[in-house]
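The chains referred to below are lettered A, B, ... by the order of the sequence lines, with proteins before strands, and numbering in each begins at 1. Reckoned from all heavy atoms, side chains included, excluding hydrogens, waters and symmetry mates.
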Protein chains: 2
Amino acid sequence: MSRERRSDAVANRDRIVEAARAELSRSNGAVDDLKLHLVAKAAGVGQGTLYRHFPTREHLLAEVYRHELTELVDAVAPLLAEHPPLRALTGWLDRLVEYARVKRGVMAAIEASAWQDLYAGQHHRLDEALELLLDRGKAAGEVREEVDAADVILLLGALSRIPGPEWDKRAPTVVTVIVDGLRPSRARPS
Amino acid sequence: MSRERRSDAVANRDRIVEAARAELSRSNGAVDDLKLHLVAKAAGVGQGTLYRHFPTREHLLAEVYRHELTELVDAVAPLLAEHPPLRALTGWLDRLVEYARVKRGVMAAIEASAWQDLYAGQHHRLDEALELLLDRGKAAGEVREEVDAADVILLLGALSRIPGPEWDKRAPTVVTVIVDGLRPSRARPS
DNA sequence: ACCTGAACACCGTTCAAGT
DNA sequence: ACCTGAACACCGTTCAAGT
């Protein structure tokens, strides 16, 4: 079914992704600063070629951080095997924060892939991974019923917007608030 | 000290703000869709005039939603007078969600004004209002010590990114998670 | 002192021509 | 089948000329 690709196309694609990675790491992954025409230039390809391989900047970002996202998805099963659900979720988010600390762009990639189906065909749907963590938590009575993966991804978006120098100070606080908030309601003050 | 302004300048300013409001309400306050040159055209002024009055789009948005933001600030004192701190905070956020439901742009204005000092001189610093709510909560032992207003605004940013049709479904959930997460930690699962 | 609007700058996107 | 890169489109920003 799937036709062979020309080797120059494959090579170009790789060089584009690599160039994008290089550009991003130069700015600690400030995704909005990534200029596509600079990526094309750095990769030594025409702009049309970049556009052919990656119709949107989100497609490009998804590819750049594919490795990290796959690892995150693959981490879910072991975590759930070794820990109670809420602890698995916490551990998973800790890992996410660690990735994002170095490459801020992973958060942008997660947000983007959540609302489009950039990974629809792939076998590493990140939102399904998160959904599984939440479902196990619900089954154990450790996570409130009404939340879904989209809610959590919306909340985690806060991490994307932490100013660079404040990351170490605010990221842990933000995650703690989210995790604690995910737990079933306590009695509210009258 | 402050020089008189020419009446045409005042009138232009008002017309720009009004035109921006009109444009925004047409798209339910999708702030990114606001085209500044269209605002200038709709207001019947040159683009330079818009730029003179509002050096950034954030300045313009701050002015557009000034009324709402002022009301939010003014609501804090009565809420704290009538309710325990956490309940006051919840009530305040409920009001915020109600504003944002109709005009999604208020969330963008809040985010923008939090990180710049668009209201520095003004007497309705929104982050100070939120800080007061949090401080009272901390004093009452109802809010965890380590959070500040910036953390909460980062988290509330999630509301900005709820897709339009899902607002009614997700906004209450998001707010509930945040408020519950702000409360002091319970014992975590071992 | 303030306004106008053409001109400029910047980037993402397209497409005719080439291999 | 894929690539190139000039051309186009879109917008935000500036500034010389005007009132």
Side-chain angles (χ1 to χ4, degrees), chain A residues 1-24 26-27 29-64 105 108-109 111-112 115-116 118, chain B residues 1-24 26-27 29-64 105 108-109 111-112 115-116 118:
Chain A
M1 208 95 309
S2 66
R3 305 267 313 99
E4 288 291 316
R5 290 215 225 181
R6 267 170 39 174
S7 61
D8 56 342
V10 174
N12 275 335
R13 199 187 140 97
D14 289 347
R15 292 167 65 199
I16 290 167
V17 174
E18 202 46 57
R21 229 187 293 269
E23 292 289 324
L24 281 168
R26 167 182 333 199
S27 60
V31 160
D32 296 334
D33 294 357
L34 187 70
K35 310 299 180 187
L36 297 190
H37 66 115
L38 291 183
V39 172
K41 178 161 235 172
V45 302
Q47 304 184 200
T49 303
L50 192 159
Y51 201 65
R52 157 182 287 265
H53 285 293
F54 303 103
T56 70
R57 76 189 292 115
E58 280 74 27
H59 283 261
L60 177 55
L61 288 174
E63 190 58 34
V64 167
E111 288 185 85
W115 299 109
Q116 312 182 213
L118 294 176
Chain B
M1 208 94 309
S2 67
R3 301 268 314 98
E4 287 293 316
R5 289 216 227 182
R6 266 171 40 175
S7 61
D8 57 342
V10 175
N12 275 335
R13 200 186 139 96
D14 289 347
R15 291 168 66 198
I16 291 167
V17 175
E18 202 46 56
R21 231 188 293 270
E23 291 289 323
L24 280 167
R26 169 183 330 199
S27 60
V31 160
D32 296 334
D33 295 357
L34 187 70
K35 309 299 178 187
L36 296 191
H37 66 116
L38 291 183
V39 172
K41 177 161 235 170
V45 302
Q47 303 184 201
T49 302
L50 191 160
Y51 199 64
R52 157 183 287 265
H53 287 292
F54 304 103
T56 70
R57 78 188 292 115
E58 280 73 27
H59 283 262
L60 177 55
L61 289 174
E63 191 58 35
V64 167
E111 288 186 86
W115 299 109
Q116 314 182 210
L118 293 176

A:Glu63 vs A:Arg13, test: side-chain contact (heavy atoms from CB on, under 4.5 Å). Steps then yes/no. CA-CA 10 Å; A:Glu63 190 58 34; A:Arg13 199 187 140 97; 3.1 Å; yes
[X] [atom1] to [N] [atom2]: how many Å, rounded?
X       : N      : atom1 : atom2 : answer
B:Arg52 : C:dA1  : CZ    : P     : 10 Å
A:Asp32 : C:dC10 : CG    : C1'   : 15 Å
A:Leu34 : C:dG12 : CG    : P     : 8 Å
A:Arg13 : D:dA1  : CZ    : C1'   : 16 Å
B:Lys41 : D:dC11 : NZ    : C1'   : 13 Å
B:Asp8  : C:dT4  : CG    : C1'   : 12 Å

Contact summary for [X] and [Y], nearest pair of heavy atoms:
X       : Y        : answer
B:Leu34 : B:Ala20  : CD1-O, 4.1 Å
A:Arg21 : A:Val64  : NH1-O, 2.7 Å
B:Leu61 : B:Ala109 : O-CB, 4.2 Å
A:Ile16 : A:Phe54  : CG2-CE1, 3.7 Å

Should D:dA1 form a Watson-Crick or G-U wobble pair with both distances under 3.5 Å, which nucleotide is its partner? C:dT19
Go ahead and name the base partner of C:dC8; Watson-Crick or wobble counts if both distances stay under 3.5 Å, otherwise write none. D:dG12
Salt-bridge present (B:Glu18, B:Arg15; N to O < 4.0 Å): no
Using a 4.0 Å cut-off on protein heavy atoms (strictly under), produce a 5'-to-3' string for nucleotides 13-19 of chain D with B for base contact, S for backbone-only sugar-phosphate contact, and - for none. BBB----
Please check the phosphate of C:dC2 (OP1 and OP2 only) for any side-chain N or O of B:Asn12 closer than 4.0 Å. no
Of A:Lys41, A:Arg57, A:Gln47, which is the lone residue that meets side chain to side chain contact (heavy atoms under 4.5 Å, CB included) with A:Leu36? A:Arg57
At under 4.0 Å between heavy atoms, what does B:Leu50 touch on the DNA or RNA strands: base, sugar-phosphate, or nothing? nothing
Please determine, for the side chain of B:Lys35, which listed nucleotide (D:dC11, D:dT4, C:dC11) has the closest atom? D:dC11
